[in-house]
Every structure is written in structure tokens, then in C-alpha cells.
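Below you'll find the structure, written out as C-alpha cells, and then a few comments.
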Amino acid sequence: MNFPLILFVLMVLTGLLWSFDYFVARKQRSATAPTPWWVEYGASFFPVILVVFGLRSFVVEPFKIPSGSMIPTLLVGDFILVNKWTYGIRLPVINKKIISINDPQRGDVMVFRFPADPSMDYIKRVVGLPGDKIEYFDKKLTINGQPVTVKPNGEYLHTDRLYTSQKLHEQLGTVEHDILNDQDAPAFITQSLNFPMRDQCTYTARGVSCTVPEGHYFMMGDNRDGSFDSRGWGFVPDQNIVGKAFFIWFNFNDLSRVGSFH
């Protein structure tokens with residue numbers, strides 16, 4: 001379901017009703033005549049829908065985390081807020097950028113339209129910037145020939161399946177965060193699509209190496225062995241960017257989750 005498109009259509013329809021009532025119907029009714037219900041309800045909803053549409057399109061948009069690919073940073077059921085303008089102002093519905101502001105930075109948690117199916121929104125962490133060479137061999141990340149700094153940080157218990165993963169503290173650029181590594185999981189990429197510019201990637205039994213094309217980004221989940229990401233489906237073009245995730249505003253199962261994250 002394309003919710004932005006539905007909201008846009010509702011805004012246009014209620015806006016037409018409001019305009020018709022304000023500029024035409026109101027002048028033709030007598031002072032004592034009641035307002036037709038379809039005009040009253042339609043016109044009264046227009047300001048609300050206009051504000052909601054404007055906020056969602058240009059300021060902030062809510063999302064719910066549906067999977068565990070970003071554990072331990074984001075958990076299933078987290079409701080998050082996404083900054084819609086930090087990477088530039090985009091036209092709603094068609095998502096075309098009209099004003100550039102900032103570029104995604106390494107370590108950002110970003111929401112984007114899934115390249116293989118733009119009707120779906122994905123959330124991952126920015127690992128590779130345009131021109132970077134990303135290597136993920138033997139479950140170790142290297143960027144432009146430099147190993148990414150990680151250090152052990154205990155274990156993470158998956159309460160839904162009662163098993164533990166190794167937790168590592170990673171630094172990507174200036175951003176520090178935790179990732180998960182399942183030592184029993186294979187090093188090779190278990191699922192790979194035939195994505196655009198796949199010739200920029202080389203797959204081996206040890207993992208994958210990719211050179212990020214201009215205007216594209218390489219994304220990975222913090223749950224490294226539980227994330228279907230750029231290692232398997234390729235690069236995220238700039239036109240697919242939705243915004244930067246920055247705040248957990250609710251979780252029905254754990255209110256202590258409310259707050260910012262890295």
C-alpha cells in the first residue's frame with residue numbers, strides 16, 4: 001500500500017471540497033441554511049490532512065521496525081522517527097530531490113526504498129560511500145583497505161529463540177555502535193540477486209568485495225548474519241533515499257527503548 005500516494009489523493013479531494021465550500025457554496029447558501037454533510041466533513045478534514053502530509057513529506061515520518069536485521073541497535077517492534085530533510089528536500093510520492101542539503105555519512109542509519117522493489121521501505125546502516133571499496137571476507141569488514149575497528153562487547157541473547165550471538169563494538173567513521181556476529185554462520189554470502197552493476201562485486205567462498213558506484217551507497221544490517229543487505233542485493237541509488245533514522249519514540253513491549261540511538 002502506497003500510503004504517501006493515498007494521503008496525497010485525500011489531500012487533493014478534501015482540498016477541492018474546502019475550496020468549493022469557501023469560494024462558491026458558502027456564498028450561495030443563506031445564513032440559516034445548514035452546510036451539506038459531505039462538504040462539512042470533507043472541508044473540515046482538509047487542514048488536518050494538509051498538516052500531516054506536509055510533516056510526513058518534508059519534516060519527519062514514523063516507521064515501525066518489522067525484522068531483526070538491525071539488532072541490537074533496533075529491535076522488532078520499535079517505532080522510529082525518520083528525518084526527511086537532512087539528505088535534501090524531495091517531492092512527495094515521486095521522491096525526486098529538488099534541494100540538496102547533506103549527503104549520507106558512514107555510520108548513518110538510513111531508510112530507503114528497496115532497489116529490487118521500490119514499494120518496500122528498508123532500513124540499514126550506511127557502510128560504503130560512492131567510490132569506496134568494501135570487503136567483507138571471513139566476516140570481517142574492510143573499507144578502502146583499512147580494517148574496521150571492532151572489539152568484543154559480550155554476548156546478545158535472542159529471547160525469541162533462546163540463543164546467543166557474539167556482540168562486537170564497531171566504529172564506522174565517527175559513529176560507534178554494536179553489531180552481532182554468529183560464529184557458526186558461514187562466511188560466504190548465502191543469497192545473491194542479479195542486481196544492477198553486479199560486475200562491481202566479486203563473490204568468493206570467503207565473502208564479497210564491492211566497489212560502490214558514484215551516486216550509490218552500500219548498506220549493511222547490524223545483525224550481520226541475520227540481514228539481507230547490499231551484500232546480497234546490491235547498491236542503493238541516491239534517488240531511493242527516504243531519510244535518516246534518529247529516534248525511537250515507542251515500543252509496546254519495552255518502554256525503556258524510547259530515546260535516541262546510534
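For clarity, every value in this text was computed on a predicted model and none was experimentally measured.
D184 CG: 12 or fewer foreign heavy atoms inside a 6.0 Å radius. Within 6.0 Å of the NZ atom in K140, the count of heavy atoms belonging to other residues, nucleotides or ligands does not exceed 12. Counted within 6.0 Å of CZ on F261, heavy atoms from surrounding residues, nucleotides or ligands total more than 12; the atom is thus considered enclosed. Counted within 6.0 Å of CZ on F195, heavy atoms from surrounding residues, nucleotides or ligands total more than 12; the atom is thus considered enclosed.
Ring geometry for Y122 against F114 counts as parallel: the plane angle stays under 30°, on a 0 to 90° scale with 60° as the upper cut. Between F252 and F79, the angle of the ring planes goes over 60°, which puts this pair in the perpendicular group of the 30/60° scheme.
Counting only residues at least two apart or on different chains, the side-chain hydrogen bond (donor to acceptor under 3.5 Å, both in side chains) pairs with a member in residues 145-154 are N153-D178. Applying the disulfide (SG to SG under 2.5 Å) test to residues at least two apart or on different chains, the pairs with a partner in residues 183-238 are C201-C210. Contacts classified as side-chain hydrogen bond (donor to acceptor under 3.5 Å, both in side chains) and involving residues 239-252 (residues at least two apart or in different chains) are given here: D78-N251.
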Report task. Starting from the C-alpha separation in whole Å, work towards a yes-or-no answer on side chain to side chain contact (heavy atoms under 4.5 Å, CB included) for V175 and R106. Result -> CA-CA 8 Å; V175 178; R106 203 184 320 278; over 6 Å; no
Query raised in the report: Can you check side chain to side chain contact (heavy atoms under 4.5 Å, CB included) on F247 and V60, steps first, answer last?
Result: CA-CA 10 Å; F247 193 80; V60 65; over 6 Å; no
Requested in this report: Assess whether side chain to side chain contact (heavy atoms under 4.5 Å, CB included) is satisfied between I143 and L172, documenting all intermediate values.
Outcome: CA-CA 10 Å; I143 301 176; L172 283 175; 3.8 Å; yes
Query raised in the report: Could you go step by step and tell me if Y156 and N223 meet the side-chain hydrogen bond (donor to acceptor under 3.5 Å, both in side chains) rule?
Result: CA-CA 11 Å; Y156 180 86; N223 186 0; over 6 Å; no
Query raised in the report: How far apart are the C-alpha atoms of S69 and F228, what are their side-chain angles, what is the distance that settles it, and do they pass the side chain to side chain contact (heavy atoms under 4.5 Å, CB included) test?
Result: CA-CA 7 Å; S69 69; F228 184 44; over 6 Å; no
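Side-chain atoms of N144 come within 3.5 Å of backbone atoms of K133 as a donor-acceptor pair (strictly under, hydrogens ignored). Looking only at distances, no side-chain donor or acceptor of D222 sits under 3.5 Å from a matching main-chain atom of P72. Between the S230 side chain and the M219 main chain, a donor and an acceptor come within less than 3.5 Å of each other. With E61 contributing its side chain and V59 its backbone, the two residues share no donor-acceptor pair below 3.5 Å. A distance-only check finds no donor-acceptor pair linking the side chain of R125 to the backbone of G221 [under 3.5 Å]. At least one donor-acceptor pair closer than 3.5 Å links the side chain of T14 to the backbone N or O of M11. Panel note: side chain Q183, backbone A185; no donor-acceptor pair is recorded below 3.5 Å.
Tracing side-chain contacts under 4.5 Å through hydrophobic residues (I, L, V, M, F, W, Y), one reaches W18 starting from L50; they form part of the same cluster. M197 and Y136 fall within the same hydrophobic cluster, defined by Ile, Leu, Val, Met, Phe, Trp and Tyr side-chain heavy atoms under 4.5 Å apart, directly or through other members. V236 and V82 fall into different hydrophobic clusters, defined by Ile, Leu, Val, Met, Phe, Trp and Tyr side-chain heavy atoms under 4.5 Å apart, directly or through other members. F246 and L74 fall into different hydrophobic clusters, where Ile, Leu, Val, Met, Phe, Trp and Tyr side chains are chained together by heavy-atom contacts under 4.5 Å.
Side-chain atoms of D182 and S165 form a donor-acceptor pair, as typed in the model, at a separation below 3.5 Å.
Between L157 atom CG and T164 atom OG1 the span is 7.0 Å, to the nearest 0.5 Å. Taken to the nearest 0.5 Å, the CG atom of N181 stands 13.5 Å off from the NZ atom of K167. Rounding to the nearest 0.5 Å gives a distance of 12.5 Å between CD1 of I189 and CH2 of W233.
The closest side-chain heavy-atom distance from D238 to H216 is not below 4.5 Å. Between P92 and R56 there is no side-chain heavy-atom pair separated by less than 4.5 Å. F112 has its side chain within reach of K124: a pair of non-hydrogen atoms, C-beta onward, lies under 4.5 Å apart. Looking only at side-chain heavy atoms (C-beta outward), I99 and W85 stay at 4.5 Å or farther from each other. The side-chain heavy atoms of F235 and P115, taken from C-beta on, include no pair separated by under 4.5 Å. Residues V126 and F218 fail the side-chain proximity criterion, which asks for heavy atoms closer than 4.5 Å. For the pair F188 and Y203, the minimum side-chain heavy-atom distance is 4.5 Å or more. You'll find the side chain of N253 stays beyond 4.5 Å of the side chain of L75, heavy atoms only.
Legend: residues meeting salt bridge (charged side-chain N to carboxylate O under 4.0 Å, His left out) with D138, ordered by chain and number and at least two apart, are R206. In this view, K139 and D225 satisfy the salt bridge (charged side-chain N to carboxylate O under 4.0 Å, His left out) rule, not counting sequence neighbours. Residues meeting the salt bridge (charged side-chain N to carboxylate O under 4.0 Å, His left out) test with D229, sequence neighbours left out: R231.
Across all non-hydrogen atoms, the minimal contact from Q200 to P213 is CG-CG, 4.4 Å. Contact detail for L193 and A116: the closest heavy-atom pair is CD1-CB, 4.3 Å. Here the shortest heavy-atom pairing between Y217 and P130 reads CE2-CD, 3.5 Å. The heavy-atom pair separating V212 from L129 by the smallest distance is CB-O, 3.3 Å.
A salt bridge between E170 and R224 is present, with a side-chain N of the basic residue lying under 4.0 Å from a carboxylate O of the acidic one.
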